[in-house]
Amino acid sequence: MVFDDYRFNYSLISNTDRPLIFFLHGFMGNIQEFDEVIELLADDFSYLTLDLPGHGKTQVLGGDEDYTMANTAKALVNLLNELKITQCFLVGYSMGGRLALYLALHFPERFPKVVLESASPGLATEVERLKRVKQDAQIARKLARSVTKSDFATFLLNWYNQPIFGFINKHPNFDCMLESRLQNHPGELTKSLKFMGTGSQPSLWEKLKNHTVPLLLLVGEYDAKFININTKMAKILKFAQVKLINNSAHNIHFENTLEFVQNLREFLTKQQP
């Protein structure tokens, strides 16, 4: 489907009797990011998945501004309109979680419940954002030098050696995940990092206090940085709960899929008081 300078690669598995979950993958992920989660949720929901700009087979036909969070969010809402989806649940991981929070805050009537996995509202101060932009620019330069598949594979191995990912490289399916990540194009990923990275996105901290849509904040027990961020978020948000997921760091749905799905199902099916 082509509109708004985007050719989105998406998959919609829909049943009118079942509520819809819209999944947003993280940086370097793709349309297959939540396949195991969807398989475990079986026949209880309908599902919309896609490749975000800069990832997978989605094509950005316009300029660099189309990689920004604001323009990506507008395009996703327009995609929902094209698909005649007025409301759906929203689940986002890491970068996709930041985007999901942006969507929830700017289009609250569209998303009655939102699950954020290892996500944040961005950085609160200009100083923090400028520092992060410089860090992301260094990462982007390394990505841009990934000319061959071997170069890109080396970059990915270094990326997942970061403390935030805990022991993910010991996971039995780690090699399969790397192979999936290798389907992306390093040049496109650099644009995503530059224009929708944590340093580039607008800070959402101030908007949290007025948000009234129920939020589930999932963080891994080994992800100290995001435990701290999400605890602060929960103190500001009126209708948010934080859940620590066992035996996982940043990438919860990959490291502890069963517990992730259990929390997802419980939150999305529970009737609000």
Side-chain angles (χ1 to χ4, degrees), residues 4-9 24-31 33 50-79 92-103 105-106 116-149 151-162 164-165 178 180-205 207 225-226 229 250-251:
D4 292 345
D5 292 336
Y6 301 88
R7 181 180 282 118
F8 279 111
N9 178 44
L24 300 175
H25 65 74
F27 180 58
M28 296 197 290
N30 59 28
I31 196 170
E33 180 86 39
L50 49 62
D51 291 324
L52 287 168
H55 296 74
K57 295 178 182 176
T58 285
Q59 294 177 291
V60 176
L61 307 174
D64 289 344
E65 69 278 0
D66 290 328
Y67 292 86
T68 64
M69 183 167 283
N71 285 346
T72 298
K74 287 178 193 170
L76 293 182
V77 170
N78 287 340
L79 174 64
Y93 161 60
S94 197
M95 179 192 77
R98 291 187 286 107
L99 177 58
L101 181 58
Y102 184 96
L103 283 162
L105 293 170
H106 289 82
L116 305 181
E117 174 193 356
S118 305
S120 84
L123 298 168
T125 68
E126 185 68 17
V127 172
E128 288 175 299
R129 288 194 291 275
L130 287 173
K131 183 181 177 182
R132 183 58 184 262
V133 165
K134 287 180 181 178
Q135 290 173 345
D136 286 348
Q138 289 179 326
I139 296 168
R141 283 194 290 273
K142 290 178 183 177
L143 255 176
R145 290 197 290 269
S146 296
V147 179
T148 67
K149 188 173 181 179
D151 294 335
F152 190 20
T154 300
F155 173 88
L156 288 171
L157 286 171
N158 290 331
W159 179 262
Y160 287 111
N161 269 329
Q162 294 180 92
I164 198 173
F165 291 108
L178 282 188
S180 176
R181 299 292 191 254
L182 283 167
Q183 305 311 307
N184 289 308
H185 188 280
E188 283 294 298
L189 291 176
T190 60
K191 293 181 182 179
S192 175
L193 186 60
K194 183 176 181 181
F195 296 103
M196 204 161 70
T198 306
S200 301
Q201 78 155 79
S203 174
L204 302 173
W205 283 101
K207 287 185 174 289
K225 176 181 177 180
F226 278 81
I229 291 169
H250 198 65
N251 195 335

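- A search for side chain to side chain donor-acceptor pair (under 3.5 Å) contacts involving Glu33 returns Arg181, His253, not counting sequence neighbours.
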With a 3.5 Å cut-off and sequence neighbours excluded, list the donor-acceptor pairs that the side chains of residues 52-67 form with protein atoms.
unit_1, atom_1, unit_2, atom_2, d
His55, ND1, Pro53, O, 3.1
His55, NE2, Met28, N, 3.0
Thr58, OG1, Asn9, N, 3.0
Thr58, OG1, Asp51, O, 2.5
Gln59, OE1, Arg7, NH1, 2.7
Asp66, OD2, Gly63, N, 3.4
Tyr67, OH, Glu188, OE1, 2.7
Tyr67, OH, Glu188, OE2, 3.2

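- With sequence neighbours excluded, the residues satisfying side chain to side chain contact (heavy atoms under 4.5 Å, CB included) with Lys74 are Asn71.
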Throw together a table of side-chain donor-acceptor distances under 3.5 angstrom for residues 119-131, partners on residues two or more places apart or in other chains.
unit_1, atom_1, unit_2, atom_2, d
Ser120, OG, Gly122, N, 3.1
Thr125, OG1, Glu128, N, 3.1
Thr125, OG1, Glu128, OE1, 3.0
Glu126, OE1, Arg129, NH2, 3.1
Glu128, OE1, Ala124, N, 3.4
Glu128, OE1, Thr125, N, 3.1
Arg129, NH1, Leu123, O, 2.8
Arg129, NH1, Ala124, O, 3.4

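- Scanning for ring-ring contact (aromatic ring centres under 6.0 Å, His included) contacts around His106 gives Tyr102, with sequence neighbours left out.
- To the nearest 0.5 Å, atoms CZ (Phe195) and OG1 (Thr190) are separated by 9.0 Å.
- Every residue meeting the side chain to side chain contact (heavy atoms under 4.5 Å, CB included) condition with Ser200, not counting sequence neighbours, appears here in chain and number order: Val133.
- In terms of the side chain to side chain donor-acceptor pair (under 3.5 Å) criterion, residue partners of Ser180 (sequence neighbours excluded) are, by chain and number, Asn30.
- With sequence neighbours left out, the side chain to side chain contact (heavy atoms under 4.5 Å, CB included) criterion links Val77 to Asn81, Leu103, Phe107, Arg110.
- Taking Lys149 as the reference, Glu179, Leu182 meet the side chain to side chain contact (heavy atoms under 4.5 Å, CB included) condition, with sequence neighbours excluded.
- Remark: Asp5 pairs with no residue by the side chain to side chain donor-acceptor pair (under 3.5 Å) rule, at least two apart or across chains.
- Every residue was checked against the side chain to side chain donor-acceptor pair (under 3.5 Å) condition with Ser192, not counting sequence neighbours, and none meets it.
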